[in-house]
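Not measured: the values here are computed from a predicted model.
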Amino acid sequence: MDAPIAQDAQAAPKLVVHHLNNSRSQRILWLLEELEVPYELKKYQRTAEMMAPAELKTVNPLGNAPVITDDGFNLAESGAIVEYIIQKYGNGRAQPPASGKIDDLYFIHYSEASLMPILVNKLIFGIIPERAPFFLRPILRSVFNSVSAKMLDPRLKIHAEMVEAHLAKNERQFFAGGEEPTAADFMMIFCLEAWSTRGDIGPKTKAYVERIHARPAYQRGLKKGGEYAYAKLA
């Protein structure tokens, strides 16, 4: 996605992060802090209905976050942003070891293509009954809880077991098995954070999330980003 914008390059840092509270854009702040890349932070606040504000459409026609502005263009989509930043600003960092390249590639795409759609469906199934007319809520809760139990929970159990088994390999600290986080970690963290607040994750997966949250770079990003439901300042 490439949309020209009017910007005085001398008046602000080159890279701007358009950050929405309680959203995927938190992973971008962690990435930039890990790589020690200077950036300007422009914050957007969700509405009372937990929707993104209309102003985000000025940088992304879809109105979604995250979005970055760099070199006169806007770029959306977490995966694209993560890969772009690592390629342009990584200076050799956030690279998987040779033995972990396939794992890195797989989990970059698995995060949003396979895992996140199920988690989003589970979230939506919980929201719909609460936003329905009062007299319909008990019926809809029963219906959506039943659908979730039959269609989503069994799938999430399989995913939980797969992620847990992967992290158990050689007591991995990161998804690609190296000495530092890579694109796979920056993509997976939001999924696992959101999941941990709504369902059961394995002990090694929980320890992984806690380990990431304890990293100084993550804490710096959290402090700068502000309100975030899935992690706390140390």
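Between His19 and Tyr44, the gap from one ring centroid to the other reaches at least 6.0 Å. Ring centroids of Tyr208 and Phe174 are separated by 6.0 Å or more, keeping the two rings apart. Aromatic ring centres of Phe190 and Tyr230 lie closer together than 6.0 Å.
None of Glu193, Glu112, Glu34 except one satisfies the salt bridge (charged side-chain N to carboxylate O under 4.0 Å, His left out) rule with Arg27; the exception is Glu112. Here the rule is side-chain contact (heavy atoms from CB on, under 4.5 Å) with Arg155, and of Leu152, Ile158, Asp153 only Ile158 fits it. Just one residue in the list Tyr106, Phe107, Phe186 forms a ring pair (Phe, Tyr, Trp, His ring centres under 6.0 Å) with Phe175, and that residue is Phe107.
Residue Ile189 is not grouped with residue Leu105 when hydrophobic side chains (ILVMFWY) are merged at heavy-atom distances under 4.5 angstrom, including chains of intermediate members.
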Practice task
Take His159 and Tyr110 through the test side chain to side chain donor-acceptor pair (under 3.5 Å) and record every step on the way to the result.
Solution key: CA-CA 10 Å; His159 283 267; Tyr110 161 81; 2.7 Å; yes
Handout entry: Worked check of side chain to side chain donor-acceptor pair (under 3.5 Å) between Gln45 and Glu227
Key = CA-CA 9 Å; Gln45 195 73 15; Glu227 180 187 353; 2.8 Å; yes
Exercise for the section: Run the numbers on Leu140 and Leu136 for side chain to side chain contact (heavy atoms under 4.5 Å, CB included), then give the verdict. Expected result: CA-CA 6 Å; Leu140 290 177; Leu136 289 177; 4.2 Å; yes
Practice task
Tell me, with the steps shown, if Glu164 and Lys204 meet salt bridge (charged side-chain N to carboxylate O under 4.0 Å, His left out).
Solution key: CA-CA 6 Å; Glu164 187 76 358; Lys204 293 190 181 299; 6.0 Å; no
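Summarising the local packing, CE of Met162 is surrounded by more than 12 heavy atoms from other residues, nucleotides or ligands at distances under 6.0 Å. Within a 6.0 Å sphere centred on NZ of Lys169, other residues, nucleotides and ligands contribute more than 12 heavy atoms. No more than 12 heavy atoms of other residues, nucleotides or ligands shown are found within 6.0 angstrom of NZ on Lys101. Annotation for Ile102: atom CD1 does not count as buried by contact number, only 12 or fewer foreign heavy atoms lying within 6.0 Å.
Remark: Asp71 engages Lys14 in a salt bridge, criterion side-chain N to carboxylate O under 4.0 Å. A salt bridge is absent between Asp185 and Arg211: the closest approach of a Lys/Arg side-chain nitrogen to an acidic carboxylate oxygen does not fall below 4.0 angstrom.
When only modelled atom types and interatomic distance are considered, Tyr89 and Glu36 share no side-chain donor-acceptor pair under 3.5 Å. With no hydrogens or angles considered, no side-chain donor-acceptor pair links Trp30 and Gln26 at under 3.5 Å. For the 3.5 Å distance criterion, the side chains of His18 and Thr69 qualify, holding a donor opposite an acceptor. Counted by atom type alone, His213 and Gln219 present zero donor-acceptor pairs between their side chains at under 3.5 Å.
From Thr58, atom OG1 reaches atom CG of Asn74 across 8.0 Å, with rounding to the nearest 0.5 Å.
In terms of heavy-atom proximity, Glu130 sits nearest to Gly126 at CG-O, 3.5 Å.
The side-chain contact (heavy atoms from CB on, under 4.5 Å) test applied to Lys206 returns Ile201, Glu210, not counting sequence neighbours.
Between Phe73 and Tyr84, the ring planes lie perpendicular to each other; the angle is over 60°, past the 30° to 60° tilted range.
Under a 3.5 Å cut-off, the side chain of Arg46 and the backbone N or O of Met51 do not form any donor-acceptor pair.
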